[in-house]
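Accompanying notes for the structure given below.
None of these values were measured; they are calculated from a predicted model. Per chain, numbering begins at 1; letters A, B, ... match sequence-line order.
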There are 2 protein chains.
Amino acid sequence: MKNFQEKISEVVIRRLTDYLRCLNYVKQEGKTLIKSSNISTKCGLKSSIIRKDLARFGVYGIKGKGYDIDELIKQIGKILGLDKTKNVVLIGAGNLGTAIIKYPRIKNANFNFIAAFDNNSDKIGKMINDTQIYSIDKINKFIKKNKIEIVLLTVPVSETMKIVDSLDSKFVKGILNFTSVILPPKKNNIFIHNIDLAKELEVLSYCMKKCTL
Amino acid sequence: MKNFQEKISEVVIRRLTDYLRCLNYVKQEGKTLIKSSNISTKCGLKSSIIRKDLARFGVYGIKGKGYDIDELIKQIGKILGLDKTKNVVLIGAGNLGTAIIKYPRIKNANFNFIAAFDNNSDKIGKMINDTQIYSIDKINKFIKKNKIEIVLLTVPVSETMKIVDSLDSKFVKGILNFTSVILPPKKNNIFIHNIDLAKELEVLSYCMKKCTL
DNA sequence: TTGTGAAAGTTATAACTTTCACAAGCGAAT
DNA sequence: ATTCGCTTGTGAAAGTTATAACTTTCACAA
């Protein structure tokens, strides 16, 4: 794999995650090699762009045969930084938070939910999979003690700003914001990635409309 | 608004949804006009591209002042096809499904969840907000009777294929697939939009890695 | 050893996107 | 009415991305 770090756009990164998903799927079918044309049909992309993406990172296959699946998974993982375990905490142990912790592929991404926080006393002390729920009051002490860098936010809109402002940017470096509150891409040097579930429905809405034109 | 339908790429569509989210937020602060530079800082985009996007669709502002928020919301809604109510059903009334139905901005997108389906007898008959949960056996009859075009899939991985194959493509035109199963972008003429929650974590993972280089 | 088929790797180009810089125009104030 | 400040709208240039077409190389079999 090439070592120099050229700028990679988010489109490319998103494609890499698609490849990864596809590769993990094909791997568990017992295959060891995969052709670019195979990834192509599975992901709905042209095979040429897949080969180009891979070559760009110095990930090579075997001409006439295809790519080694295990090797590919390893390399893409390395590019995305999935090779190191990242401790994260979840804030907001509602339906969405619970769903995320239980989501099948998240353990593959090497995200380790070491704690969840909520202000609902019925939930405090309970578990979601292997993750314990604590009172939200304890969050900053916990972050400091465990040097948490990543926070997943799945709280109600009304709570969001207060919590974001309270997070100690000495430790927290990234927030995955699943609330529908708009946060700036960077705040106090914390990288914020906004995810809006409604967005996907809106995109579908456009596609449906376009198709019936 | 321009009437001719040029091809619009998904990047642009996604930006439009960002504008919409921003506009709704600013609207509820009581403002009536907004500058492109304001949307710009909120969404983390250059103001020039916002103006370009809007002009492209024939949506114009007032020079020296900005854009009329209500008008902008209306126009973007029209472009995305949010102006018409779309009846949808949810399959899989687990945490993720529940979270989606309750997600704040989804009603804005004019998606109307008229029914949910699950195979867990404890859930059948219960409600999520205003949406009743039915037995999954009844799904095809329901789709036929109510001419449902959009299905939201939030079932376990093991159930996914069986359900997708069983959906009647005479009625169903779009599937929003939140399971982590890879589905092709189109199947039996049904448009499929895959959403993988793990993807967002993987993207964040890359960003975090990049920042520490 | 050599020939062949298949798929990777590469290059050139077309298509698309973003950005910049500035002209144009609106509205408020004088 | 005129000026001034402000922000939109846009054309051209720069930058980026995707695609098709082409070349190379590998593995296997004859």
Side-chain angles (χ1 to χ4, degrees), chain A residues 1-2 5-19 22-23 26 31-73 75-76 79 185 206 210, chain B residues 1-2 4-19 22-23 26 31-73 75-76 79 185 203 206 210:
Chain A
M1 196 168 85
K2 283 174 191 166
Q5 197 67 21
E6 12 163 4
K7 204 189 70 184
I8 309 168
S9 71
E10 196 174 314
V11 229
V12 178
I13 295 299
R14 291 186 163 266
R15 275 204 301 268
L16 290 182
T17 70
D18 287 340
Y19 304 159
C22 173
L23 289 165
V26 175
K31 300 230 178 74
T32 56
L33 283 176
I34 191 166
K35 295 182 282 185
S36 62
S37 60
N38 191 345
I39 304 179
S40 158
T41 47
K42 286 226 167 38
C43 297
L45 298 160
K46 295 263 160 76
S47 62
S48 55
I49 205 172
I50 294 166
R51 293 198 299 277
K52 201 166 184 194
D53 278 343
L54 297 178
R56 167 185 199 167
F57 293 108
V59 178
Y60 295 112
I62 307 154
K63 289 177 180 173
K65 293 283 133 182
Y67 296 86
D68 182 283
I69 293 176
D70 281 326
E71 185 61 18
L72 218 49
I73 291 175
Q75 298 286 19
I76 295 176
I79 296 163
Y206 170 74
K210 192 182 59 182
Chain B
M1 196 169 83
K2 282 173 191 168
F4 58 89
Q5 196 68 21
E6 12 162 5
K7 206 188 70 183
I8 309 169
S9 72
E10 196 174 313
V11 231
V12 179
I13 295 300
R14 291 187 163 266
R15 274 205 302 268
L16 291 182
T17 69
D18 288 339
Y19 304 160
C22 173
L23 290 165
V26 176
K31 302 231 177 73
T32 56
L33 283 176
I34 191 167
K35 295 182 282 185
S36 62
S37 59
N38 191 344
I39 305 178
S40 159
T41 47
K42 285 225 168 36
C43 296
L45 297 161
K46 293 262 159 78
S47 62
S48 55
I49 205 171
I50 295 166
R51 294 198 299 275
K52 256 269 158 70
D53 278 343
L54 297 177
R56 168 186 196 165
F57 293 107
V59 178
Y60 295 111
I62 306 151
K63 288 180 179 170
K65 291 284 132 185
Y67 297 86
D68 183 284
I69 293 176
D70 281 326
E71 185 62 16
L72 218 48
I73 291 175
Q75 298 285 18
I76 295 177
I79 295 163
V203 173
Y206 170 74
K210 194 182 59 181

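Atoms CD1 (A/I50) and P (D/dA18) sit 12 Å apart, rounded to a whole Å. What separates CD1 of A/I62 from C1' of C/dG9 is a distance of 14 Å, to the nearest Å. Distance NZ (B/K65) to P (C/dG27): 8 Å, rounded to an integer number of Å. Rounded to a whole Å, the CG atom of B/D68 is 17 Å from the P atom of D/dT7. C/dC26 atom P lies 7 Å from atom NZ of B/K63, rounded to whole Å.
At C/dA7, one or more side-chain N or O atoms of A/K35 fall inside 4.0 Å of OP1 or OP2 (strictly under the cut-off). Residue A/Y67 places at least one side-chain N or O under 4.0 Å from the OP1 or OP2 atom of C/dG9. Contact check, A/S36 against C/dA7: no side-chain N or O comes under 4.0 Å of OP1 or OP2.
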Please tabulate the protein-to-nucleotide N/O contacts below 3.5 Å involving nucleotides 13-21 of chain C, giving atom names and distances.
{"unit_1": "C/dT17", "atom_1": "OP1", "unit_2": "B/S9", "atom_2": "OG", "d": "2.7"}
{"unit_1": "C/dT18", "atom_1": "OP1", "unit_2": "B/R15", "atom_2": "NH1", "d": "2.8"}
{"unit_1": "C/dT18", "atom_1": "OP2", "unit_2": "B/R15", "atom_2": "NH1", "d": "3.0"}
{"unit_1": "C/dT18", "atom_1": "OP2", "unit_2": "B/R15", "atom_2": "NH2", "d": "2.7"}
{"unit_1": "C/dT19", "atom_1": "O4", "unit_2": "B/K52", "atom_2": "NZ", "d": "2.8"}

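Note on A/S47: nothing from the nucleic acid sits closer than 4.0 angstrom, heavy atoms only. Residue contacts for A/S37: at a heavy-atom cut-off of 4.0 Å it reaches no nucleic acid atom on any strand shown.
Base-pair partner of C/dA24: D/dT7 (Watson-Crick or G-U wobble, both distances under 3.5 Å). Pair assignment for D/dC28: C/dG3, on the basis of Watson-Crick or G-U wobble contacts that are both within less than 3.5 Å. Pairing for D/dA14 goes to C/dT17, judged as Watson-Crick or G-U wobble with the two contacts each under 3.5 Å.
Taken to the nearest 0.5 Å, the CD1 atom of A/I8 stands 11.5 Å off from the CZ atom of A/R15. In this structure, CZ on B/R14 lies 11.0 Å from OG on B/S9, to the nearest 0.5 angstrom. Considering CG of B/L72 and CG of B/L54, their distance stands at 5.5 Å, rounded to 0.5 Å.
Closest of all the heavy-atom pairs between A/I69 and A/K31 is CD1-O, 3.6 Å. Closest non-hydrogen pair, B/P185 versus A/G44, comes out as CG-CA, 3.8 Å.
Around atom NZ of A/K42, more than 12 heavy atoms belonging to other residues, nucleotides or ligands sit under 6.0 Å away.
Checking each of A/D53, A/D18, A/I50 against A/I39 for a side-chain contact (heavy atoms from CB on, under 4.5 Å) leaves exactly one that passes, namely A/I50.
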